[in-house]
Structure formats: structure tokens, C-alpha cells
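Here the structure is laid out as C-alpha cells; the discussion comes afterwards.
Heavy atoms only: backbone and side chains are in, while hydrogens, waters and symmetry mates are out.
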Amino acid sequence: MSAVPVESPVSSIPFTLDGRALEALPGETILQAASRVGIEIPHLCYKPGYRPDGNCRACVVEIKGERVLAPSCCRQPRPGMEVSAESERALHSQRMVFELLQADMPGAGTRAYTPNSEFAHWAEKLGVTESRFEARHQPSADASNPAIAVNLDACIQCTRCVRACREEQVNDVIGYAFRGEHSAIVFDLDDPMGDSTCVSCGECVQACPTGALMPARPESATVADKSVDSACPYCGVGCLLKFHVKDDRIIGVDGRDGPANHSRLCVKGRYGFDYVHHPDRLTTPLIRREGAPKTARLIPREEIWTHFRPASWDEALALAAGGLKRIRDETGPASLAGFGSAKGSNEEAYLFQKLVRTGFHTNNVDHCTRLCHASSVAALLETLGSGAVSNPVEDVREAEVIIIIGARPTVNHPVAATFMKNAVKDGKTLILMDPYSSQLARHATHFLQFRPDTDVPLLNSLMQVIIEEGLENRDYIARHTEGFEALKRCVADYSLEKVAPLCGISAEVLRDVARRYAKAKGAMIFWGMGISQHVHGTDNARCLISLALLTGQIGRPGTGLHPLRGQNNVQGASDVGLIPMVFPDYQRVDDAQVRARFEALWGTSLDAKLGLTVVEIMHAIHAGQIRGMYIMGENPAMSDPNLNHARQALAELEHLVVQDIFFTETAGFADVILPASAFPEKTGTFTNTDRRVQLGRQAISPPGDARQDLWIIQEMARRLDLDWHYAGPEDVFAEMREAAPSIAGITWQRLEQQHSVTYPCEHEGDPGQAILFGEGFPTPNGRGRFVPASFIHADELPDPEYPFVLITGRQLEHWHTGSMTRHASVLDALEPEPVLNVNPEDMAATGLMAGGFVRASSRRGELVARVRPDPGVQRGTVFMAFCYVEAAANLLTNEALDPFGKIPEFKFCAIQLAAASTAVPTGEPA
């Protein structure tokens, strides 16, 4: 391995500040150097991490030998410079700035809207309590956005919010308009914020020093009792945040400077927290009443007490575990199955899969990864020997070309998307490939809106161009890969002339994209579930992997492959073995040596047979093979394809135990319901899409008699004859380190100190490995494998009876099946009802009206939702989020599986559309 050159020591710049000798680092301003050593200089328009603007002049200092005062936020010191921030002249100017601005503060004073006003802090420190100057004409308040209150009477026009919106989040909503005394902060074309294109990320709120932009919820104006460092419970980006708590209730959230977010948050992370305090939380165990029937019909909230009765924990646990134990003993372990959760911690996922394997004695355990990136993981393991991402999202800074395919990061991974947009502003080439034209398309240098179902021919054509023009990395192929000749023969059949009319992208554009990717010094590929959720999802991922191997765009900074993981801990849950074919660290259950190691670790014999996956389990219930289930934190009655089929399966179970925080759609089918803990109510580790193991800390207590999930799992285990005594998550994590070599070097104490550690980290003191495959692959021969893929169609194609293609996914404001976000007041106010996104030309042709109702039907079910015109949707396709129970998109979807990843085809099924009244359909097939 070549030696890494040692950098020469960075020389500092000596200067003095108010007579004190300081050393500034290269590039540091006077204000930054002072702040680093704890010296305060008043400032307003400056915010650490943002571009300094120097427009408020609150931070001016006097520099010896210079005629005018200098803004310390913009000025860098020179060797020997003598600076004074506390001279009479500097202080007089600072006070004058604050007095002038004080005149424009609202009548209630500098803390009118927030107790944490930076303006008030500095004004009080400088002794500025009133103003001699005339006040401006004050603008009226704007309460049009459910998330953010706009109080421009407190605005000092420091433009922090402008930089927050345009330079940090790159949403380009907030501007600074007009001139002179009419100058003002505006949203889009001076629209009310609620009518603008604002996505309510709240970056402007976090930036505002006066409360002119504030959370709309009134409790945000109160002072917290404590603040707790934790992480976000939503997507796989893994933003670190801080919960602000008063009287055991979360009153606000701020972003922390974590490695994945650098203080940024999205609307869910910042405003989606009050679901934990919703009155619908489960607070006591429930048992199904004798004689209460099980049918495929969902039980509404108002009918809970006709079907269930409260119970003590002892009674509920005895019945829950006893029913599963009876089925196991009477009909065998294969009669049981468990669904764990990607929203829970690593420790919970580890214990849950261990319970199924050692208590049920079966490998029938799975979770929502089967519905997200199972095909991606199957392809990565097959070709590279590892199912994890190769490079972190932040590597976009090092890339020259960024490809995003089958993903909408601005919706599903909003904070990651901000760094992608930052990279484009820095001159990187963004190539976006997707059937849907998302907000990211306006930032892309190339947007390929290809036809759904044509991923494989499109990607094969790019590889055909690269090989035809001799742009493949022959040295890399020879040293690090195998199977190139087979790939070459396969892609030879995908000429541009053949593929262009098929996928709807011109040959010239395809050739240009292929050349740019192949010739780039560094190129990254990101993909989402638009790649994975197909019957050819594994083939789609195989093509992307082959594209990287073909060009050597892997194993270095600014290169690599990154399937953007969906839920906050879907990576970690998979890592710790919450899938039916592997133990922790992706060690195969049918490998005798691996199995022997886990039998020694867990002290019991283990099943050698691969378990069933999510959809296979539903089929097995219908076939009478699976009779009992334990479901923790999953909601298959909303998330599975062909919901009529899935709900009927749940109704046929002899015994179902559901552990959750709400009475979910799935809970209605249960025999026993166990009230569990929400994310802020427990401590544990979570692994983000970058392979970063991060610590989430308990901030509040579970409500009523709800219990923490680790306690519930252990109580279930003891009643299944398992002698478990883990004192807490730290004990479980210690055992996980023994089970999973990739995290063996991560200690609990290190996580408490550093908050985030990247794996592989195999030995204590190991810094962790952010970039994989620099020296080969964890395959038997150390080589990456080309696996050719040929074009196959989706399982169900449109026809004259069902002429439209339905594509399902998520909304920015809601998450997965909505069990959390639809109980979050701000998020549900922003998007309160189901909509079907339809191309305006298709609306006209079908007789649909914007805001009117449409009946969507497939061969499996139907629903009614409002119509939303969306020019980003291709003609012949429609899009719908699957989080609305009143119009559950998965009533329509197809349960056909990818043969390798066993993932359903959520991204393609045939439907028909017709104008409808407001009547709610039955959900039965049309």
C-alpha cells in the first residue's frame, strides 16, 4: 500500500485582541478566532457555518492604524495586527447598531416571541434597553404556515434566513426584496409563507436571531427544563438533534452538528415530534374480547373497546407468549414468524431476531427492508460481498459527477439532498434519472425522465457506449473484477439506437451521460426504491454495480455506490440479523461453521433452514403453514402490497401479538396488544445510511403504563423459556459486538463521547472506515463480480382496461404508513388528506378536476382520493403516497416478487382512473 504523504504543520497567524495574544488558524476571521477561545464579540448577521455577510455591523472592531471600523465576521487578521473589540469607539458603534434596531422591535420587547433571542442577549450585554429613534411601520403577522410563524415586526433584515434558505438548504424560497424603507424579507413573489413553495424545513427558524421566524406551536416560546442530545427518528440520513423538554414533554427540536446533517433538519425532524404526546397513544396492554370476530375489515379507533379490553402486564404477557409457545409446541417452530422494526434501535432488533431464532426456533423473521432495499442488498452481496454503502453522502463534495437514479432525495432524504444541491452550486455535474420530475430536476445538469420499467436497457446502453468507445478502466477490471467478458456480450445487444426509443431518452443524451460518468475523476451513484421495488430490482442494482466496476468508480473518495436507506434504522436492523437468511453481520444461517459460532454464543441449537420473507409469510398464512406471529413496530396492514390479501392473512392467524405505540391498522387484528415506547422514550443505537452507528438518548418517559421495548422483548423471552437478564441497551450492545465483527471496535463509552462512529470498526481505537473497497472486495477471491442483466418487463403491464401505471412512494411531510407523522399535528396539518398526483393532460383526457375526487382501481382493489395536478408525472403514470388509511395505495399494488431479493413490485402496477364522488370505496376489487 502506498504511503500517505504527511502534511506540513499549519502555521497560525499571531495577533492581539484587546491586549490578549491570540493565534488565528489560516482562513479564520477575527470573530471566529475569538469565539474559538471563548471571547465574545457581539454579532447578529453572522452565524457559525454560514457564509459571513457583514451587513449588520454589530461585530465591528477597531484595528490599529486603520481609519474605519471593520466587521470582525468578515475580516481576517494579519500577523501582528492589534485589534480592539472593547475600545470606546468600537463599543459606541456596536451600541448604536443595537439601539437603531431596538427602535423597530415589537412593543412587547426584544423577547416578544422567543426567550432565546440572540438580539436580546447582546442588547442586554451592551446595556441597550431602549431607543431614542422612531419606529418603522410594522408589518402584520403571517400565520399561514402550520409549522412556522412569521413575525416580521421583529425582523432586523440580517439575511440569515436568506442564506439559510438559499445557501444551506438550497430551497430558494426566501428573498430580500424592494429598496430603502420598503426593503423586506419575502417568500417567493412576496406570497404568504403558507402559499409559497416553502418546504417548512425550519432552517430559517434555527437561524433567526430575533424570533421573526418561529415555530408556530405556542409552547416553543417557553423555556425548557432540559435539552437532550439525540438523533432523528425518521429517515436513514441519521441527523443528530437536540430535544428541548419541559415537564416531561418535548417542546422543540434543534439540529446538532452531526456528521450527516451539520445542524440541518427537515420538516419531519424539526416539527414531527409531538406524536409522542398524542392522546391516541397506547398506555395499557389490551386483550381481544372473547367472541370478538377477526375479519379483514379494519377496526376504527372508536370501536377499540368493543373488540379489546384492558389487562395487566402479567395477564397480557402470559397470554401473548403462551399462545405463541403453544403453537410452537403443538405444530412446530415453522408455524411461527416475527416482524421486527426498522424504527427501533439496534439493540431491540438484535434481541427480537434472537428471540425468534432461539425462542421460536425458526428463521422466519423479517422487517421492512424486504419492502425497501432487499434487492439492492441481494445484488451488493452477490457482486461485492457486502450489502452496505461504499461511501457516505458527504462524499458528494469530492465527486466530479453525481448520478441519482430512482430516488427523490428532496422528499425522502431531504437533508442529504441539501448537500447534493450544495455540490451542484459548487460546480459538480448532477445527472438525475427518474420517471418523475422532482424538485431536484431544476438543479440537475442532466435530467433523464425515462419511461418506467426501462431501467435495465437504459443502464446497459450506458455500459455499451463506454465499452464501444474504449472508456472502460481496463487496469481496474483486470486487477479487481471478474466476469467482464460476459457483461460485454450482454450489453452489446443494447445499442443506443435500440434503447433510445424504448426508454424515451435521445441517443445523444445517453452517450453524453455515459462519457461524463466514465471520464470523471470521481463519480458517485445514489439510488432509491425506484430501482429496488421492481420484479427486476436486483437486475437494476446489478447494472449500477457493473457500471461502477466497469469504470473503476469505486473505492476512492468521491466515487462509489450508495443505495439511500429508507427508515432511520433499516441499515442497523439488517446489520444485526433481522432478516430470514442471515445472522448478524450478514453471516448465512445455512453455513454450518457460522451456525456453530452462534450456537456457542447463544447457547442453543439453531435452525439451518432459510426463513420466509415478509410477503412469503403472508402467503404461508393463507396456506395454513404460519399460525402465530409476533409483530413489533411494523404495520403490514398498511405497508404490504395487495392489502386485501395481507389483511385477510392477518385475520386468519390463530394468535397475533402486536407491540406498538398506537392502535395501528395491524393492531386491530391482534389477540394481544403491548403498549411500547416511542423513539424519544428510550436509549439505544441506530445505524444510518452512511454506516454510522449513532446514539439516541431517552428524553422523556413513556406514557401511562407503556413500557420500553427492550423490557417487553425480555419479558416475552422469559415466558418462552429463555433466561435473559440484560440490564439495559449497553449490555445488549456488548453482546452485539461479539456477534458482529464489523462493530467489535465500537464501545458504548465511545458512542457516549463521540455520538457517531462509522463501521467497519473491528478493533478498539479503530477510527472506522468511511470508504470501502479501496483494496478489493470481501469476496472469496477479493474481486468484484460483473453479473449481466437482460431486460424483462414488469409483472403487470397497462392495457386498455387498466391503462395507467401506478407508482407509490412517500411524501415529504409523512413517513412510511403514517403511524407517527399522521399523529404529529404540524405534519398532518401540512398534508391532511390523500391525493393522487396526475399529469394535467391526463386529467383533461380523463375528465378529472383539480381538487376533485378520483376513483383508482386495480385488479386487486380500489380507493378514492383527491386529484392533484402534477406536471412532474409522466403521461400514463400516476403517483400516490401510501400513508393514508382512508385511501391506502397498497390496496392497488401487486405482490409479485423479485426472485432474488423477494421484494414486491411497489413501483409498477396497472390501474384505471375515473372521476368519483366523495363516497369511500370498500377496497374490494373493481
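- In this structure the side chain of Asp225 reaches within 4.5 angstrom of the side chain of Asp247, judged on heavy atoms.
- A donor-acceptor contact shorter than 3.5 Å is absent between the side chain of Ser230 and the backbone of Gly696.
- In this model, no donor atom of one side chain and acceptor atom of the other lie less than 3.5 Å apart for Gln571 and Thr687.
- The existence of a salt bridge linking Arg697 and Glu752 is excluded, since no basic side-chain nitrogen approaches an acidic carboxylate oxygen closer than 4.0 Å.
- A donor-acceptor contact closer than 3.5 angstrom links the side chains of Glu23 and Ser12.
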Next on the checklist: Let's go through Glu168 and Arg160 carefully: what are the C-alpha distance in whole Å and the side-chain angles of both, what is the deciding distance for salt bridge (Lys or Arg N to Asp or Glu O under 4.0 Å) to 0.1 Å, and is it a yes or a no?
Outcome noted: CA-CA 10 Å; Glu168 297 296 307; Arg160 274 198 198 180; over 6 Å; no
Next on the checklist: For Lys425 and Glu167: C-alpha separation, side-chain torsions, deciding distance, then whether salt bridge (Lys or Arg N to Asp or Glu O under 4.0 Å) applies.
Outcome noted: CA-CA 9 Å; Lys425 288 176 76 76; Glu167 299 176 19; over 6 Å; no
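- Looking at heavy atoms from C-beta onward, Gln811 lies out of side-chain contact with Arg408 at the 4.5 angstrom threshold.
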Checklist entry - Yes or no on side-chain hydrogen bond (donor to acceptor under 3.5 Å, both in side chains) for Tyr113 and Asp153, after CA distance, side-chain angles and deciding distance? => result CA-CA 10 Å; Tyr113 300 114; Asp153 57 347; 2.7 Å; yes
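- Between Arg20 and Asp18 there is no salt bridge, since none of the side-chain N atoms of the basic residue sits less than 4.0 Å from a carboxylate O of the acidic one.
- With sequence neighbours left out, the ring pair (Phe, Tyr, Trp, His ring centres under 6.0 Å) criterion links Phe679 to Phe686.
- Residues Gln694 and His755 bring no donor and acceptor atom of their side chains to less than 3.5 Å of each other.
- Here the shortest heavy-atom pairing between Leu22 and Leu17 reads CD1-CB, 3.7 Å.
- Ion pairing between Asp828 and Arg822 holds under the 4.0 Å rule for side-chain N and carboxylate O.
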Next on the checklist: side-chain hydrogen bond (donor to acceptor under 3.5 Å, both in side chains) for Asn569 and Asn346? Distances and angles first, verdict last.
Outcome noted: CA-CA 7 Å; Asn569 201 38; Asn346 287 322; 3.1 Å; yes
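- Test Val83, Thr29, Ile30 against Arg75 for side-chain contact (heavy atoms from CB on, under 4.5 Å) and you get one pass: Ile30.
- No donor-acceptor contact under 3.5 angstrom links the side chains of Gln749 and Gln754, judged on distance only.
- Counting heavy atoms from C-beta on, the side chains of Pro106 and Asn151 never come closer than 4.5 Å.
- Put simply, the side chain of Trp122 gets close to the backbone of His43: a donor and an acceptor are under 3.5 Å apart.
- By the 4.5 Å heavy-atom criterion applied to side chains, Thr210 and Cys155 are not counted as neighbours.
- Using the six-membered ring where Trp is involved, Tyr234 and Trp815 have ring planes that are perpendicular, over 60° apart on the 30 and 60° scheme.
- With rounding to the nearest 0.5 Å, the separation of CG in Asn261 from SG in Cys232 is 9.0 Å.
- The main-chain N or O of Cys158 is found under 3.5 Å from a side-chain atom of Asn55 such that the two form a donor-acceptor pair.
- Ser144 and Gly194 get closest at one heavy-atom pair: OG-N, 2.7 Å.
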Item to check | Verdict with supporting geometry, Thr284 and Asp705, side-chain hydrogen bond (donor to acceptor under 3.5 Å, both in side chains) | outcome: CA-CA 5 Å; Thr284 189; Asp705 205 19; 5.1 Å; no
Item to check | Test log, rule side chain to side chain contact (heavy atoms under 4.5 Å, CB included), inputs His244 and Ile250 | outcome: CA-CA 6 Å; His244 302 299; Ile250 298 172; over 6 Å; no
Checklist entry - Passes side chain to side chain contact (heavy atoms under 4.5 Å, CB included), Ser345 versus Thr685? Steps please. => result CA-CA 5 Å; Ser345 69; Thr685 63; 5.6 Å; no
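- With sequence neighbours excluded, the residues satisfying side-chain hydrogen bond (donor to acceptor under 3.5 Å, both in side chains) with Asp257 are His262.
- Using a 4.5 Å cut-off on side-chain heavy atoms (C-beta onward), Leu213 and Cys161 make contact.
- Rounding to the nearest 0.5 angstrom, the gap separating the CZ atom in Arg565 from the SG atom in Cys235 is 12.5 Å.
- Of the possible donor and acceptor atoms, none in the side chain of Asp191 sits under 3.5 Å from a partner among the backbone N and O of Asp195.
- A donor-acceptor pair under 3.5 Å links the side-chain atoms of Ser196 to the main chain of Met193, judged by distance alone.
- Here the side chain of Thr16 pairs no donor or acceptor atom with the backbone of Gly19 at under 3.5 angstrom.
- The existence of a salt bridge linking Glu181 and Arg136 is excluded, since no basic side-chain nitrogen approaches an acidic carboxylate oxygen closer than 4.0 Å.
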Item to check | Steps toward side chain to side chain contact (heavy atoms under 4.5 Å, CB included) verdict (Glu813, Thr821) | outcome: CA-CA 7 Å; Glu813 295 79 7; Thr821 55; over 6 Å; no
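- No donor-acceptor distance shorter than 3.5 angstrom exists from the side chain of Arg397 to the backbone of Asn422, with no hydrogens or angles considered.
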Item to check | Leu564/Asn412 under side chain to side chain contact (heavy atoms under 4.5 Å, CB included): CA gap, chis, key distance, verdict | outcome: CA-CA 9 Å; Leu564 289 157; Asn412 295 318; over 6 Å; no
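- Within the 3.5 Å criterion, the main-chain N or O of Thr418 finds no donor-acceptor partner in the side chain of Gln169.
- The pair Glu348-Lys682 meets the salt-bridge criterion, with a side-chain N (NZ, NE, NH1 or NH2) lying under 4.0 Å from an Asp/Glu carboxylate O.
- Salt-bridge check for Glu118 with Lys47: failed, with every basic side-chain N at 4.0 Å or more from each acidic carboxylate O.
- Counting heavy atoms from C-beta on, the side chains of Val128 and Gln94 never come closer than 4.5 Å.
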Checklist entry - Which is it for Gln698 and Gln708 under the side-chain hydrogen bond (donor to acceptor under 3.5 Å, both in side chains) test, yes or no, and what are the steps along the way? => result CA-CA 10 Å; Gln698 182 175 355; Gln708 293 193 342; 3.0 Å; yes
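- Here Ser677 contributes atom OG and Leu710 contributes atom CG; the two are 8.0 Å apart, rounded to the nearest 0.5 Å.
- Counting only heavy atoms from C-beta outward, the side chains of Thr197 and Phe187 never approach each other to under 4.5 Å.
- In this structure the side chain of Phe662 reaches within 4.5 angstrom of the side chain of His823, judged on heavy atoms.
- At least one donor-acceptor pair closer than 3.5 Å links the side chain of Asp690 to the backbone N or O of Val393.
- Electrostatic pairing of Glu203 and Arg264 does not count as a salt bridge here, judged by no charged N lying under 4.0 Å from a carboxylate O.
- A salt bridge links Arg256 to Asp229: at least one charged side-chain nitrogen sits closer than 4.0 Å to a carboxylate oxygen.
- Here the CE-OH distance, from Met820 to Tyr275, works out to 3.5 Å after rounding to the nearest 0.5 Å.
- Glu86 places no side-chain N or O within donor-acceptor distance of the main-chain N or O of Val61, the cut-off being under 3.5 Å.
- Taking the ring centroids of His814 and Tyr884, they lie under the 6.0 Å cut-off.
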